[in-house]
Each structure stands twice: as C-alpha cells, then as structure tokens.
Amino acid sequence: MPELPEVETIKQDLQKIITGKKIIKVCVHNPKVIREPALKAFKKSLEDVTIKRILRRAKLLIFELSNSLFLTVHLKMTGQLVLRQKLSTNPELVEGLVYPGGAKNSRVAFHLAGGDILDFNDQRLFGELRVVGDWKKLKFVQSLGPEPFDLTYFDFRNMLSKKKTKIKPLLMDQGFISGIGNLYAAEILFGAKINPERSAQGLTEAEKARLYKEMQGVLTSAIKHGGSSVDDYVRLSGKRGDYARFHQVYGRINEPCFVCKTLIQRIAQGGRGTYFCPQCQR
DNA sequence: AATGGGACCTGCGCGC
DNA sequence: TGCGCGCAGGTCCCAT
C-alpha cells in the first residue's frame, strides 16, 4: 500500500545509493511481474546498463538508464525495493537490513556491479515492472491527474467545485489528483475536519482551504518521516518508515480520537475501509 | 458522470 | 488443531 510519501521515500533512498551503479545481471524469479517487453528482451535491455537517475510520478518509480530506456516500477500493494548490500560495501547501512542472508518474496533481483543486489519483492504479485522508451507515454501515466505539490490552491478549489462525488473517493481518484491512497486520504480528511461522505462541491471555501493545507502538510510530514510502515512497506535499507506513529484515524477503529475521545469509526466507501472521527469530522 | 462490482493475488486473523 | 472464509487496497475493466 505504498502511496506518494512511501514511493517518494524510496525514490530519495535510491537516488542516494543506486545512482551511477551498473546492473550486471537480472534474475527473474517470477516472470508474472514483468509486464513488458517479453522476458528475454526485458533482461537484455537492463544488463550492462547504468542507472542515471531516479524519478517519481504519482506512485510510479522510474529508473532512467544509460541506454536511454526507462525501467518503471509500480509497487501496487505489497511491492518492495530492498537493497541487499555486501557487508563490506557500506557498514553503517547493514544494521537496518531485514534479510542480510536472503530476500523474502524476491521476484526480481538486480545484481549490481560491486556485489550489491537490489531486490524487487512482492508477496501478492500485483506489482508491475516495465522497460519502455518513453515512460510518459504509458497509458497509466497519461491518465494521471496533477501531483499534489504541483497544484495551486486556485486550481484545486476549482476542480473540487466541478465534482459531485464524495470527497474521500475523489482524493483517491488518480485521474483527479495523483499519489494519494486510502491511508493518506483518511489522515488528510481528519486534519481538515471534513467528513469523508461530504460531496466535493458542497464544501465551503474555508473547508477547501483546510483540505488543501492538510493535503500538503500531511504528505510533506509523511515524507519527512520516511512514510508509513503499516503492512509490507519498508525503505530501501529494509528499515521501517516512521510516520505511522502520527496516524490519527487510519486503522484505529473503536479507539478513542486523540482530540475528542469519541471512538473512531470505520465505514465502507467504494469497497474500501474509511476511518474517521464522527465528532471532529463534519 | 458517477457508482458498484469483480478481477488480479497471497497471507493473515477470525469463527467454528 | 485445522479448515474455510473474509479482508487488506492499487489499478483496470465492465456494467448499470
């Protein structure tokens, strides 16, 4: 369930540690996660290639390669990118490794020059790896709405006023705004004191302003703390993200609201669990 | 346009 | 102890 803050954290970790490294061998343990091109071509287009730069768009990671192709990685729900480092390479990072010996649910292993291995782990096999000539032309990328941090309040406000939809599913709609998932939608709405069932266009100006501020604030803070490790998400080092201790509502069904002590409720919205405080969020 | 459902998957926790 | 079931949620796809 990595969302924007988790993917951004991994991006920054990768940027620091993987940039400039050469991939010498690609071991595919489960070809299901390779979406394009076919397996043989996929491996061939990655071997003996250097990673130049790491980019992120919404929840998608993009590796810019020295052969002018791009490797895109979507973690979906249980995907992980974890670095298994040779003990001698970087002693200070070894401490946080979850599996110095072997990788759990490794589906693809990228062997790097120097001996480190970058594992793509994915318990549920929803994750998607692609090598493409132009990642911006991917249908998925074309369908994405703006990044939360690229959006002005003026535009946000006007976008909301055109939508009758309930605000919670709308925040999670990747074609509307990209990068926000179930967890952060809930936390943002709590911060803005808005009930998840409210219609977008029915929000007052003050509520829209609070929503915008919380969207920026919650996401920024979550990135600062390395994201939320609630299920499988871990950072490149294998360490957990630290933001879960700031969660106000997500996963807190029947626990007292930190603000008013009312019990946190969980309702179903579009097949997904929505956590909120019925007292604070009106 | 908006909404609801199923599909893709696997592991976990629950009730019996 | 074991079994079956529902649930978790990112994205796509189809139906209404």
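Letters A, B, ... mirror the listed sequences (proteins, then strands); counts begin at 1.
- For DNA chain B, the residues of residues 124-142 of chain A within the heavy-atom distance limit of 4.0 Å (strictly under) are A/R124, A/L125, A/F126, sorted by number.
- Using cut-offs of 30° and 60° on the angle between ring planes, the pair A/Y153 and A/F156 is tilted.
- Atom-to-atom, NZ of A/K76 to C1' of B/dC8 comes out at 8 Å; the value is rounded to the nearest Å.
- Residue A/L61 is tested with A/L71, A/V73, A/L55, A/T72 for a side chain to side chain contact (heavy atoms under 4.5 Å, CB included); the sole match is A/V73.
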Chi angles and distances behind the salt bridge (Lys or Arg N to Asp or Glu O under 4.0 Å) call for A/D13, A/R235: CA-CA 8 Å; A/D13 288 350; A/R235 301 177 61 154; 2.9 Å; yes

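- Nucleotide C/dG10 holds its P atom 12 Å from the CG atom of A/L4, rounded to whole Å.
- One N or O on the side chain of A/Q142 and one on the backbone of A/K136 form a donor-acceptor pair closer than 3.5 Å.
- For the pair A/R252 and A/F258, the distance from NZ or CZ to the six-membered ring centre is under 6.0 Å and the angle to the ring normal is within 45 degrees.
- Taking 4.0 Å as the cut-off between side-chain N and carboxylate O, A/E197 and A/K168 do not count as a salt-bridged pair.
- The nearest whole Å value for the distance from the CG atom in A/N182 to the P atom in C/dC7 is 15 Å.
- At whole-Å resolution of the value, CD in A/Q123 and C1' in B/dC12 are 9 Å apart.
- For the strand DNA chain C, secondary-structure stems (runs of at least three Watson-Crick or G-U pairs, all distances below 3.5 Å) span B:2-8 with C:10-16, B:10-16 with C:2-8.
- Counting to the nearest Å, the P atom of C/dG10 and the CG atom of A/D232 are 13 Å from each other.
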Polar-atom pairs under 3.5 Å, protein N or O versus N or O of nucleotides 2-6 of chain B: list them with distances, or write none.
from  : atom 1 : to     : atom 2 : distance (Å)
B/dA2 : OP1    : A/K164 : N      : 3.4
B/dA2 : OP2    : A/K163 : NZ     : 3.2

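- Contact between the side-chain N/O atoms of A/Q174 and the OP1/OP2 oxygens of C/dT11 is found at a separation under 4.0 Å.
- In this structure, A/K193 does not pair ionically with A/E214, as no charged nitrogen and carboxylate oxygen lie closer than 4.0 Å.
- Side-chain rings of A/F140 and A/H74 approach one another, their centers coming within less than 6.0 Å.
- Between A/H74 and C/dG10 there is no side-chain N or O to OP1 or OP2 distance below 4.0 Å.
- Look at CG on A/L60: it is 12 Å from C1' on C/dG10, rounded to the nearest Å.
- The two residues A/L4 and A/S178 make their nearest non-hydrogen contact at CD1-O, 4.0 Å.
- Look at NE2 on A/H29: it is 17 Å from P on B/dT10, rounded to the nearest Å.
- Salt-bridge formation is detected for the pair A/R56/A/E147: a Lys NZ or Arg NE/NH1/NH2 atom is positioned less than 4.0 Å from an Asp or Glu carboxylate oxygen.
- In this structure, A/L160 and A/K208 have side chains that are in contact, with non-hydrogen atoms separated by less than 4.5 Å.
- When the P atom of B/dG13 is taken as reference, atom CD1 of A/I253 falls 17 Å away, rounded to whole Å.
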